[in-house]
Structure formats: structure tokens, C-alpha cells
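Any value given below was found using the heavy atoms of this structure, including those in side chains, with hydrogens, waters and symmetry copies removed. Fair warning: this is a prediction, and the values are worked out from it, not measured in the lab.
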Amino acid sequence: MDNLQNLHLPPVYTRNNKKCYLDPIRKKLIYITPEETIRQKMITYLIEKLNVPMDMLIVEQNLSHYGIKSRKRADIVIHKLENNQMIPIAVVECKAPNVYLDDKARDQMLGYCDLIGADYAMIVNDNSQMCFHYEERYNNYTAIDELPEYKKMLKVFLRNMIQENY
């Protein structure tokens with residue numbers, strides 16, 4: 001993955017004397033925090049580097065949106081469109097630069113993936129990342145170097161769906 005330092009951020013505005021990003025997905029002003037800065041850089045990365053369509057991203061989504069009884073929320077969920085429904089295929093968890101990416105953070109992210117059925121997972125802070133892909137044959141997530149481009153995620157998803165139905 002490219003260094004997050006090199007990715008641009010959305011326009012900054014002031015609201016209530018506080019700096020805010022104009023989030024391109026949520027279409028509203030979001031107060032700037034260290035974690036939000038990582039989230040905004042990841043949105044840029046997903047759109048510009050992995051070619052994820054903007055309308056296939058949902059940011060700060062409660063898991064209850066997916067029919068799960070939980071107050072937890074995922075930072076970024078990448079979807080695919082199937083039969084006019086948004087199907088989650090990846091979860092991206094963003095942590096502030098000073099937050100260490102440990103087993104607890106990884107387990108939180110993979111738990112979200114299990115709950116909503118996403119095959120890809122990524123957890124990232126300002127200078128490191130961990131990425132995973134669900135391997136059906138092992139019933140487990142395995143580490144991968146980085147998230148693949150969106151079209152490749154879709155191909156893997158379709159291949160897995162075909163294998164499950166035969």
C-alpha cells in the first residue's frame with residue numbers, strides 16, 4: 001500500500017470554531033481527529049488506488065444496518081451490488097496514528113467481518129496495516145499483503161459464490 005502520508009485529504013472547513021473535513025461519502029462536515037484523518041486518507045486510497053466506486057462505500061455504519069443486533073459500527077465497508085442490494089465484501093478499520101495494531105484490534109475487525117459476511121478485512125493506522133482474506137476451505141482469515149483492487153475483490157467473491165453453490 002502507498003504511504004498514507006502521500007494521499008490527499010478532502011477540503012477543510014470550520015464549524016463551531018473547529019476544523020472539519022467535508023467527507024466525500026457521508027456528504028457532511030466531520031470534525032477533524034487523528035482517527036478521522038486516517039479514515040479520510042483511506043477513503044482516498046480506496047477510490048483512487050483500488051478503484052472502489054464511491055457509491056459502494058459506506059462510512060461509520062452501524063452493524064444494525066446489516067440486521068445485526070449491535071451498537072458497534074464499522075469505519076468503512078466496501079460493498080458490491082447484487083440484485084439491487086448492497087452486499088458487504090470488505091471492512092476497513094481505521095485507528096489513530098498512536099494506536100498500535102494488536103491482536104485486540106485485529107479481532108475487533110475480523111469480528112465485524114464475520115457478523116456481516118465480508119471476505120476482506122484491513123486495519124490501518126498512519127504507518128502500518130494488516131490485511132486479511134477469508135479462506136472458505138480453512139474457515140479462517142489468512143493474512144495478505146494488501147487489499148486487492150476492487151474488480152479483483154469482486155472476481156474472488158463471485159468465484160467463492162459459485163463454489164458454495166456446487
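For Arg15, the salt bridge (charged side-chain N to carboxylate O under 4.0 Å, His left out) criterion is met by no residue, not counting sequence neighbours. Applying the side-chain hydrogen bond (donor to acceptor under 3.5 Å, both in side chains) criterion to Tyr150, with sequence neighbours excluded, gives no partner residue. Residues satisfying the side-chain hydrogen bond (donor to acceptor under 3.5 Å, both in side chains) test with Asp103, not counting sequence neighbours, are Arg106. Here Arg137 pairs with Glu135 under the salt bridge (charged side-chain N to carboxylate O under 4.0 Å, His left out) rule; sequence neighbours left out. Remark: Glu149 engages Asn51 in a side-chain hydrogen bond (donor to acceptor under 3.5 Å, both in side chains) (not counting sequence neighbours). In this view, Asn139 and Tyr134 satisfy the side-chain hydrogen bond (donor to acceptor under 3.5 Å, both in side chains) rule, not counting sequence neighbours.
With hydrophobic clusters built from ILVMFWY side chains whose heavy atoms lie under 4.5 angstrom apart, Tyr112 shares a cluster with Met86. Linking Ile, Leu, Val, Met, Phe, Trp and Tyr whenever their side-chain heavy atoms come within less than 4.5 Å puts Leu81 and Tyr66 in one cluster.
Ring geometry for His133 against Tyr120 counts as tilted: the plane angle lies between 30° and 60°, on a 0 to 90° scale.
The backbone N or O of Glu36 sits less than 3.5 Å from a side-chain atom of Thr33, completing a donor-acceptor pair. At least one donor-acceptor pair under 3.5 Å links the side chain of Asp23 to the backbone N or O of Arg26.
With respect to the salt-bridge test (charged N to carboxylate O, under 4.0 angstrom), the residues Glu93 and Lys104 do not qualify.
Between His8 atom NE2 and Asn6 atom CG the span is 12.0 Å, to the nearest 0.5 Å. Residue Leu110 holds its CG atom at 11.0 Å from CG of Leu115, rounded to the nearest 0.5 Å.
For the side-chain contact (heavy atoms from CB on, under 4.5 Å) with Cys94, the lone residue among Met122, Arg39, Lys41 that qualifies is Arg39.
In the model, Tyr100 has no side-chain atom that pairs as donor or acceptor with a side-chain atom of Ser128 under 3.5 Å. Side-chain contact check for Asp119 and Tyr141: no donor-acceptor pair (N or O, by modelled atom type) lies under 3.5 Å.
Taking all atoms of both residues into account, the shortest heavy-atom contact from Leu57 to Ile25 is O-CG2, 3.4 Å.
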